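For reference, the structure discussed in these notes is given below.
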Amino acid sequence: MTVKKILTNYLELNKLRKTPERYAILDAVYSLSGHFTLEELSGKLNAELNFPVSRATLYNTLRLFMELRLVIRHRFQGSTKYEACYDNNSHSHQICTVCGKVIEVKSPQISEAINSLHMKRFRKDGYTLYIYGICSTCQAKMTRKATKNKKTATQ
């Protein structure tokens with residue numbers, strides 16, 4: 001309900017139209033959990049809410065939501081994903097550089113370090129941290145492949 005009030009207030013203050021598409025997209029965004037692509041959002045609107053909208057409307061509306069800090073855009077390993085972010089705690093993401101898997105990480109140590117960080121002439125509102133590496137699944141596959149290659153090389 002709060003996000004709808006934020007949107008409504010912004011639209012009224014800026015004399016913009018309160019279209020049903022904007023509110024349907026907002027409902028869909030906040031009904032999705034975690035990260036989502038534009039295609040997943042479009043699918044949610046079409047299939048579950050029976051409210052198809054054009055790709056241009058999705059882009060423009062998400063851009064508006066990003067300005068209002070209701071949505072954040074992430075660029076993970078060649079793909080763009082979005083996430084509802086109103087009243088969402090700052091967090092980190094582990095991103096596997098091999099398979100592209102993204103895992104959210106909530107670390108009190110990282111939060112404490114960033115919160116205690118004093119920045120000159122800057123007020124922090126939140127953060128998103130990307131940690132790149134190789135996930136355990138990909139590490140195991142790489143180890144098995146290396147072991148197999150060693151065995152065939154010695155034979």
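Because the structure is a prediction, the values reported are computed rather than measured.
- Annotation: the span from T8 atom OG1 to L16 atom CG amounts to 12.0 Å, rounded to 0.5 Å.
- Contact annotation: the side chain of I110 approaches that of L129 to within less than 4.5 Å [non-hydrogen atoms, C-beta and beyond].
- For the pair V98 and Q139, the minimum side-chain heavy-atom distance is 4.5 Å or more.
- For the atom pair I95 CD1 and Y132 OH, the distance stands at 4.0 Å (nearest 0.5 Å).
- When every heavy atom of K18 is checked against every heavy atom of E12, the shortest pair comes out as NZ-OE2, 2.8 Å.
- The minimum heavy-atom distance between Y10 and E67, with the atom names listed, is OH-OE1, 3.5 Å.
- Minimum heavy-atom separation, R22 to F65: O-CZ, 3.4 Å.
- A distance of 9.0 Å separates CD1 of I25 from CG of N60, quoted to the nearest 0.5 Å.
- In plain terms, the two heavy atoms of I134 and C96 that are nearest each other are CA-SG, 3.9 Å.
- Closest non-hydrogen pair, F36 versus A84, comes out as CE2-N, 4.1 Å.
- A donor-acceptor pair under 3.5 Å is formed between the side chain of S31 and the backbone N or O of A28.
- Atom CE of M142 has 12 or fewer neighbouring heavy atoms from other residues, nucleotides or ligands inside a 6.0 Å radius.
- Within the 4.5 Å cutoff, no side-chain heavy atoms of L41 are placed close to those of Y82.
- No donor-acceptor pair under 3.5 Å is formed between the side chain of T37 and the backbone N or O of K81.
- Nearest heavy-atom pair across I72 and C85 is N-SG, 3.8 Å.
- In terms of modelled atom types and a separation under 3.5 Å, the side chain of S116 and the main chain of A113 share a donor-acceptor contact.
- Using a 4.5 Å heavy-atom cutoff, the side chains of K141 and R144 are in contact.
- From E83, atom CD reaches atom CG of L70 across 13.0 Å, with rounding to the nearest 0.5 Å.
- Using a 4.5 Å heavy-atom cutoff, the side chains of Y23 and L11 are in contact.
- At a threshold of 4.5 Å between side-chain heavy atoms, the hydrophobic network of Ile, Leu, Val, Met, Phe, Trp and Tyr places L32 and L58 in one connected group.
- Ring geometry for H74 against Y130 counts as perpendicular: the plane angle is over 60°, on a 0 to 90° scale with 30° as the lower cut.
- Inter-residue side-chain proximity for C135 and C99 is flagged as met; some heavy-atom pair is nearer than 4.5 Å.
- Taking the side chain as every heavy atom from C-beta outward, L62 and R73 never approach each other to under 4.5 Å.
- Residue T80 holds its OG1 atom at 9.5 Å from CD of E39, rounded to the nearest 0.5 Å.
- Within the 4.5 Å cutoff, the side chain of L7 has heavy atoms near those of the L64 side chain.
- Put simply, the side chain of T147 gets close to the backbone of T143: a donor and an acceptor are under 3.5 Å apart.
- The closest donor-acceptor contact from the side chain of Y59 to the backbone of L38 lies at 3.5 Å or more, if one exists at all.
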